[in-house]
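What follows is a single structure, written as structure tokens, with notes after it.
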Amino acid sequence: MKIKIFDTLSHSKLNFEPLNSKKIRMYVCGPTVYDFAHIGNGRPIIVFDVLFRLLRSVYGINNVSYVRNITDIDDKIIVAANKLDIDTETLTKKTISNFHEDIESLNVLKPTHEPKATESIAEMILLIEDLIKKDIAYIAENHVLFDTKKFKDYGKLSKRSQEDMIAGSRIEIAPYKKNPFDFVLWKPSKKEEPYWDSPWGRGRPGWHIECSAMTKKFLGESFDIHAGGADLIFPHHENEIAQSESSHQKQFSKYWMHNGYLNIEGEKMSKSLGNILTIRDLLKKYNGEILRFAMLSTHYRKPINFSKDLLSSSYKQLHKIYSSLNSRSLENKVTHDIPNSLLDDMNTPLAIAEIHELVKKLNDSSISDNEWIECKSKIKRYGDLMGLFMRSNFQELEVEENKLNNVQIKEIENLIKERNLARQSGNFELADEIRGKLEIKGVILEDKGDNTTWKIKNEG
RNA sequence: GGCCCGAUGGCAGAGUGGUUAUGUAGGGGACUGCAAAUCCUCGUACAGCGGUUCGAUUCCGCUUCGGGCCUCCA
């Protein structure tokens with residue numbers, strides 16, 4: 001079984017050939033922790049979680065190292081902490097804990113390592129010193145800068161030349177830069193700002209250097225896959241390549257993967273439009289599994305429109321799939337096959353279509369129990385690889401999503417019992433009355449033979 | 001201005017040089033005490049114009065439209 005992935009660097013779909021098949025190494029750029037994560041931040045978290053699951057399945061659960069960093073020192077963090085009148089560490093600690101709570105609801109596996117930038121400052125300083133020693137970085141006005149003219153491959157990831165970029169550039173170039181695209185490796189901290197001592201005075205690291213330092217620390221100088229949002233291609237990932245390959249004189253990441261953008265109701269998410277949707281807010285209205293399903297219903301490289309329609313369609317599809325998985329009281333078998341759709345650059349929308357074909361079979365009362373078990377097992381396998389269908393039934397999801405307490409659940413169950421007694425004795429008036437009573441409370445009943453299940457009325 | 005990506009049925013969304021997924025919404029039917037669910041069925045989607053080809057939604061070119069990046073946003 002071979003995984004195919006689309007590699008940004010070669011701009012083509014390639015067979016994934018690990019550097020060492022007993023030790024797969026992937027790195028994903030994680031969040032900058034200054035506020036609640038929004039659903040756009042959630043996209044790489046979810047789609048590369050699927051990649052992690054696939055790699056573990058193909059190469060062995062213990063043979064994959066997944067590093068997802070946390071940027072906990074940065075201008076935005078300082079600004080946000082000042083606004084709240086707290087120190088940056090208090091802010092980042094709280095934000096990280098919120099982040100973990102949020103993504104747990106999305107059923108995201110824990111990465112092997114989740115390093116914080118502030119815990120690798122020493123490694124960053126060593127790397128910068130090395131770049132200065134190699135005459136690739138220079139010091140100017142208390143800043144250390146990377147000299148982009150010294151790295152001949154600069155622009156290879158984003159496919160652009162410095163000349164192209166300068167042509168249409170609207171940027172004001174900092175006076176201490178030798179070249180417009182030189183970027184900061186280390187900068188002085190203003191008073192009141194967090195700082196670390198360095199050979200260049202009290203300061204703090206530039207943004208890009210942390211990933212170069214942490215990939216080296218946790219994965220080595222060369223590793224297999226580096227991934228993140230498409231907006232990171234330039235300048236972040238371009239600059240990481242420049243730093244690491246200049247310092248190590250060898251290939252940095254073998255493959256590069258980038259997820260597409262996320263829109264909200266057809267519009268770009270932005271502060272000015274006021275349509276920033278945090279994962280936290282969405283979770284108040286939608287179960288994490290619905291969010292996850294919605295996220296995987298578009299191919300990861302395409303733009304996704306996160307809309308009410310998408311979420312309501314996702315809800316209905318999940319309901320349908322869960323119901324079919326419980327259409328007979330039989331357990332699935334454990335299988336190890338990996339569907340081609342998922343191996344092919346994580347074609348999750350195609351995988352979902354295949355699941356629906358299997359659902360149709362499960363709902364076919366004419367198939368044998370053995371065939372039924374086969375189908376259920378296949379669907380559960382898709383679920384394991386995509387992080388879906390982990391619950392035993394749809395009611396569990398409804399209970400979570402609507403935060404129903406035990407008293408409420410008991411009430412629903414008792415009314416169902418009462419109604420079924422009425423139905424058995426032919427008292428359909430009472431049965432319908434109970435149905436109506438529950439419907440007013442927003443509970444829809446579904447009779448399946450002698451089994452009655454329920455779901456919450458979807459307001460759209 | 002430079003570079004890049006995209007355009008598929010009401011909506012969402014795969015895929016393919018010729019049999020035209022899948023979901024959702026809608027029509028019809030079966031089933032059902034009722035309802036829901038489920039199943040069956042229907043509507044002839046591939047932006048436009050050229051080219052290559054026996055044949056193009058799929059390959060090539062152009063046009064139009066949309067999106068992105070070129071400022072430390074996933």
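For the numbers below, each heavy atom of this structure counts, side chains included, while hydrogens, waters and symmetry mates do not. Letters go in sequence order (proteins before strands), and every chain restarts at 1.
Rounded to whole Å, atom C1' of B:rU22 lies 11 Å from atom CD1 of A:Ile321. We find that CG of A:Leu350 is positioned 18 Å from P of B:rU8, with the value rounded to whole Å. Rounded to an integer number of Å, the gap from CG of A:Asn340 to C1' of B:rA14 is 15 Å.
Of the P atoms belonging to B:rC54 and B:rA14, the separation is 33 Å, rounded to the nearest Å. Between B:rC59 and B:rC72, the two P atoms lie 36 Å apart (nearest whole Å). The gap from the C1' atom of B:rC70 to that of B:rA21 amounts to 38 Å, rounded to the nearest Å. Going from the C1' atom of B:rC60 to that of B:rG23 covers 34 Å, rounded to whole Å. Comparing the same atom, C1', in B:rC11 and in B:rU16 gives a spacing of 23 Å after rounding to whole Å. The gap from the C1' atom of B:rA25 to that of B:rC31 amounts to 22 Å, rounded to the nearest Å. Across the P atoms, B:rG10 and B:rG26 are found 15 Å apart, a figure rounded to whole Å.
Within the nucleic acid shown, A:Lys361 has no heavy atom closer than 4.0 Å to any nucleic acid atom. Within 4.0 Å of A:Glu354, counting heavy atoms only, lies no atom of the nucleic acid at all. Residue-level contact check: A:Ile355 touches neither bases nor backbone, having no heavy atom under 4.0 Å from any strand. Within the 4.0 angstrom heavy-atom criterion, only backbone atoms of the sugar-phosphate kind lie near A:Ser297; the bases stay farther away. Counting any heavy atom pair closer than 4.0 Å across all strands shown, A:Thr298 reaches sugar-phosphate atoms only and no base atom. When heavy atoms are screened at a 4.0 angstrom cut-off, A:Arg423 is found touching base atoms of the nucleic acid. Heavy atoms of A:Arg43 sit nowhere under 4.0 angstrom from any nucleic acid atom. Residue contacts shown for A:Arg419 include a base, since a base heavy atom lies under 4.0 Å away. Using a 4.0 Å heavy-atom criterion, one finds that A:His299 contacts the sugar-phosphate atoms exclusively. Here A:His258 lies out of heavy-atom contact (under 4.0 Å) with every strand. Contact annotation for A:Gly228: backbone-only contact, meaning every heavy-atom pair under 4.0 Å involves sugar-phosphate atoms and none involves a base. Residue-level contact check: A:Leu232 touches the backbone only, with heavy atoms under 4.0 Å from sugar-phosphate atoms and none from bases. If you check every strand for non-hydrogen atoms under 4.0 Å, A:Pro31 touches nothing.
Considering only side-chain N and O atoms, A:Lys320 lies under 4.0 angstrom from the phosphate OP1 or OP2 of B:rU24. Considering only side-chain N and O atoms, A:Asn363 lies under 4.0 angstrom from the phosphate OP1 or OP2 of B:rC39. In this structure, A:His319 does not reach the B:rA36 phosphate: none of its side-chain N or O atoms is under 4.0 Å from OP1 or OP2. Distances shown here put every side-chain N or O of A:Lys316 at or beyond 4.0 Å from the OP1 or OP2 atom of B:rA37. In this structure, A:Lys448 does not reach the B:rC39 phosphate: none of its side-chain N or O atoms is under 4.0 Å from OP1 or OP2.
Taking A:Tyr138 as the reference, nothing meets the ring-ring contact (aromatic ring centres under 6.0 Å, His included) condition, with sequence neighbours excluded.
Taking every side-chain heavy atom of A:Arg160 into account, B:rC70 is the closest of B:rC70, B:rU22, B:rC73. Residue A:Phe181 places its side chain closer to B:rU71 than to any other of B:rC73, B:rU71, B:rU24. Comparing atom distances between the A:Asp309 side chain and each of B:rC11, B:rA14, B:rC70 picks out B:rC11 as nearest. Distance from the side chain of A:Ala431 is smallest for B:rG33 among the nucleotides B:rC5, B:rG33, B:rC72. Of the candidate nucleotides B:rG23, B:rG68, B:rC11, B:rG68 has the atom lying nearest to any side-chain atom of A:Tyr261. Side-chain proximity of A:Asn347 to B:rC73, B:rG15, B:rG33: nearest is B:rG15. With B:rA12, B:rG33, B:rC4 as the candidates, the nucleotide lying closest to the side chain of A:Leu310 is B:rA12.
Around the CD atom of A:Glu396, the shell of radius 6.0 Å holds more than 12 heavy atoms that belong to other residues, nucleotides or ligands. For A:Glu371, the CD atom sits in a packed shell: over 12 heavy atoms of surrounding residues, nucleotides or ligands are nearer than 6.0 Å.
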Go ahead and write out RNA chain B as dot-bracket, 5' to 3': ( ) for pairs within the strand, [ ] for ones crossing earlier pairs, | when the partner sits on another strand, dots for unpaired; Watson-Crick or G-U wobble, both distances under 3.5 Å. (((((((..(((.....[...))).(((((.......)))))....(((((..]....))))))))))))....
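Residue pairs meeting the salt bridge (Lys or Arg N to Asp or Glu O under 4.0 Å) criterion with at least one member in residues 345-367 of chain A, sequence neighbours excluded, are A:Arg301-A:Asp345.
Partner A:Asp49 forms a salt bridge (Lys or Arg N to Asp or Glu O under 4.0 Å) with one of A:Arg43, A:Arg68, A:Arg292, A:Lys110 and no other, that one being A:Arg292.
Under the 30°/60° scheme for interplanar angles, the aromatic rings of A:Phe394 and A:His319 are found to stand perpendicular. The aromatic rings of A:Phe146 and A:Phe151 sit perpendicular, their planes meeting at an angle over 60°, well past the 30° parallel limit.
The closest donor-acceptor contact from the side chain of A:Asp182 to the backbone of A:Thr148 lies under 3.5 Å. With A:Glu238 contributing its side chain and A:Ile233 its backbone, the two residues share no donor-acceptor pair below 3.5 Å.
The pair A:Asp337-A:Arg381 does not count as a salt bridge, with every side-chain nitrogen at least 4.0 angstrom from each carboxylate oxygen.
With hydrogens and angles left out, the side chain of A:Asp432 and the base of B:rG33 share a donor-acceptor pair within 3.5 Å. The base of B:rC34 sits within donor-acceptor range of the side chain of A:Asp447, with an N or O pair under 3.5 Å.
Where A:Glu446 and A:Pro349 each meet RNA chain B at their nearest nucleotide, the meeting point lying more 5' is that of A:Pro349.
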